[in-house]
2 protein chains.
Amino acid sequence: MATIADVAKRAGLSRATVSRVLNNHPNVTEDKKRLVREAMESLKYVPNTTAQRLRNQRTDTIAILVPVLTNPFFAYLLEAMDMVATKNHLQLLICQTRYSKQKEMDFLELLRTKQVDGLILTSYENEWKKIEPYSAFGPMVLCNEYERNTKVPIIRMDQFEASYIGTRHLIEQGHIRIACTCGDKSNLAKDRQAGYRKALVEAGISVQEDWIFSNVFDIEDGKRVLRTIMNLKEAPTAVFTGSDQVAAGMIMAAKALGKNVPDDIAIIGFDDQPIARVVEPALTTIRQPIEELGKTAMEVMIDFIAFKKEVNHQEILLPYDLVIRDSTMSKLKSISI
Amino acid sequence: MATIADVAKRAGLSRATVSRVLNNHPNVTEDKKRLVREAMESLKYVPNTTAQRLRNQRTDTIAILVPVLTNPFFAYLLEAMDMVATKNHLQLLICQTRYSKQKEMDFLELLRTKQVDGLILTSYENEWKKIEPYSAFGPMVLCNEYERNTKVPIIRMDQFEASYIGTRHLIEQGHIRIACTCGDKSNLAKDRQAGYRKALVEAGISVQEDWIFSNVFDIEDGKRVLRTIMNLKEAPTAVFTGSDQVAAGMIMAAKALGKNVPDDIAIIGFDDQPIARVVEPALTTIRQPIEELGKTAMEVMIDFIAFKKEVNHQEILLPYDLVIRDSTMSKLKSISI
DNA sequence: TTGTAAGCGTTATCAT
DNA sequence: ATGATAACGCTTACAA
């Protein structure tokens, strides 16, 4: 590979001058610029990024922590981030924590040891007080996942309000026996549960604690919980899930039991993933602005590293959307209207 | 950040010695090793990877070209590659071509300009003769996609045989009017089509050229093609698709038309993605060994870059699996048996 | 066994 | 406006 020295020699100039045209510095005559450009051309010169990084003390790399790549929600989020990053000559280092606290801590070390220029968390496993200190070592952004009382900027959707609206939709369909599968300890899950509770309380419905399920994430979990629910004496007639995957699994299990969705059990998903339109009946769900979430988070990150913008706390709330389909709309009822 | 010089000073030794213990060189006394380790510990020293890369003339980065991250097939493939890469201290640079020839060429440049140590293609848009020359610039591996007459190693599934088996399954269910949606120009698609043709010919069924559809990739495409098919006079009674996404779309469209799957139209998918078990009826499909594919491709790559193994051509064929579910098995028939 | 010193390819500082 | 030169942090001949 040709180096800057080769170009300099060919152009009859110094490495410094070549470097100047490379970086669009002022104070280079058009004449020399042309000379340099020609030399680069003929040598097919491409700057060595590793050398640039060493010299500039940058890595041009942003670490993105996700639980798994194969969860469509995170795949779409990554895709959106990637588009902005690529446009800004930044590489993405995709870090799959696989829900492991240890792996998460290892990846956070990337920031302390300056192996990346910044780090975006889309979800986290450890306690926040173990994570936050790392924000002192470099730019850190929280995207999707939520945390109160932190200086770290947050780009997220209002899970509380979205869940409230989703649950209220169920209530409006006449349901009063409503289960939920968002009983986890993450702030995101807590917000969802709070929204669910608010809708119930507001409607004068008392909350049944044993109808709030935890650790329900994928299709299999959804199947399992639905079977549990249907076995309850005086079973719920509706479920507010935290994921389209879970909701899809529930629909499958309900059918296997010969139950009708939504007449025997109404189900509402979350995310509006492609699967929501594939299952039968199609899922009523809460659309998350995934592209906007990823795009905005990366833009905030770039503001930090490129323009050294102050890391003054900011929280950007992006809008949700209630998408009404068939899994909550009884045909019996719509006929009777 | 502490540098190797800081460690050396603290340990009262030279940078060379520190470097030696860092790289597990022999000929360092246990005494000095301990000294160095203690110094590293107390300074929380971490080697600067950028400097190592510059000095070693390596990037420790492998580029993986995929069409899009959000296609589950590629997400699973990437995940498998990532596991092997991480274990070997290699970074993955995920390059989304978004089906653009230009982007693909740009990403190939990464190999020529030594910005990555190797490159894995999982699919490609340009003609092979435009791509192959890049294999002279560094290790290149083909995974999933197929090419005859090349020195580039290939890790793939036998699409021809798998498609033959899949189509034969349809024939065994009594179908003789079978459409297919694998009319594309990639070698992978050509192989699938060839397998489809072989099964038909072998059964004495003549191939209807206008029942072979091209450019059918996602759920929407599947819906569209199914509607086209059902409008044909003397419509096909079965479809061999090239993707679970397409097959799922077809099922949705068939239902919307009031058609029964598999009785009015039998459908077979490809890949065995999660969606195959979610649609109703569940998809009969051909399981691809995605994890094995990704894992093996990365291992072959590592053999090249770590052990400088000869790039003598090799083709590794991984086994497929016909997974029989409901979208091809008529209940009428099984009762009559 | 350990140390010295050159060099990987850039860029920025300081002269000129 | 241009050039010489010293870093950036590491590894590896070569010397001792």
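Proteins come first, then strands; the chains are lettered A, B, ... in the order of their sequence lines, and each starts at number 1. Note that the structure is predicted; figures quoted are calculated from it, not measured. Below, each value reflects all heavy atoms present in this structure, side chains not excepted, and no hydrogens, waters or symmetry copies.
- Listed by residue number, the members of residues 13-22 of chain B with any heavy atom below 4.0 angstrom from DNA chain C are B/Leu13, B/Ser14, B/Arg15, B/Ala16, B/Thr17, B/Arg20.
- In this structure, B/Asn149 places its CG atom where only 12 or fewer heavy-atom neighbours from other residues, nucleotides or ligands lie under 6.0 Å away.
- Mapping heavy-atom proximity under 4.0 Å, the span of DNA chain D touched by chain A runs 5' to 3' from D/dA1 to D/dG9.
- The 12-atom threshold is exceeded at NZ of B/Lys33, counting heavy atoms of other residues, nucleotides or ligands nearer than 6.0 Å.
- Between the side chains of A/Thr150 and A/Glu132, at least one donor N or O sits under 3.5 Å from an acceptor N or O.
- Residues A/Arg156 and A/Glu315 are paired through a salt bridge, judged by an N-O separation under 4.0 Å between the basic side chain and the carboxylate.
- For B/Lys185, the NZ atom sits in a packed shell: over 12 heavy atoms of surrounding residues, nucleotides or ligands are nearer than 6.0 Å.
- A straight line from CD of B/Glu30 to C1' of C/dT1 spans 13 Å, rounded to a whole angstrom.
- If you take NZ of B/Lys32 and C1' of C/dG3, they are 11 Å apart, rounded to a whole angstrom.
- As a whole-Å value, the separation of A/Asp6 CG from C/dC8 P is 11 Å.
- To the nearest angstrom, P of C/dT1 lies 10 Å from NZ of B/Lys33.
- In terms of modelled atom types and a separation under 3.5 Å, the side chain of B/Asn24 and the main chain of B/Arg20 share no donor-acceptor contact.
- A heavy atom lying under 4.0 Å from DNA chain C marks the following residues of residues 41-58 of chain B, by number: B/Leu54, B/Arg55, B/Gln57.
- Side-chain atoms of A/Thr17 do not come within 3.5 Å of backbone N or O of A/Leu13 as any donor-acceptor pair.
- At least one donor-acceptor pair closer than 3.5 Å links the side chain of B/Asp6 to the backbone N or O of B/Thr3.
- A/Lys44 is listed as a side-chain neighbour of B/Arg112, based on a closest heavy-atom distance under 4.5 Å.
- Between the P atom of C/dA12 and the CG atom of A/Asn27 lies a distance of 14 Å, rounded to the nearest Å.
- Residue-environment remark: NZ (A/Lys9) stays at or below the threshold of 12 foreign heavy atoms within 6.0 Å.
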**OP:** Please assess A/Glu104 against A/Tyr99 for the test side-chain hydrogen bond (donor to acceptor under 3.5 Å, both in side chains), listing each intermediate value before the final yes or no.
**Re:** CA-CA 8 Å; A/Glu104 185 169 284; A/Tyr99 304 103; over 6 Å; no
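- The distance from atom CD1 of B/Ile4 to atom C1' of C/dT4 is 14 Å, rounded to the nearest whole Å.
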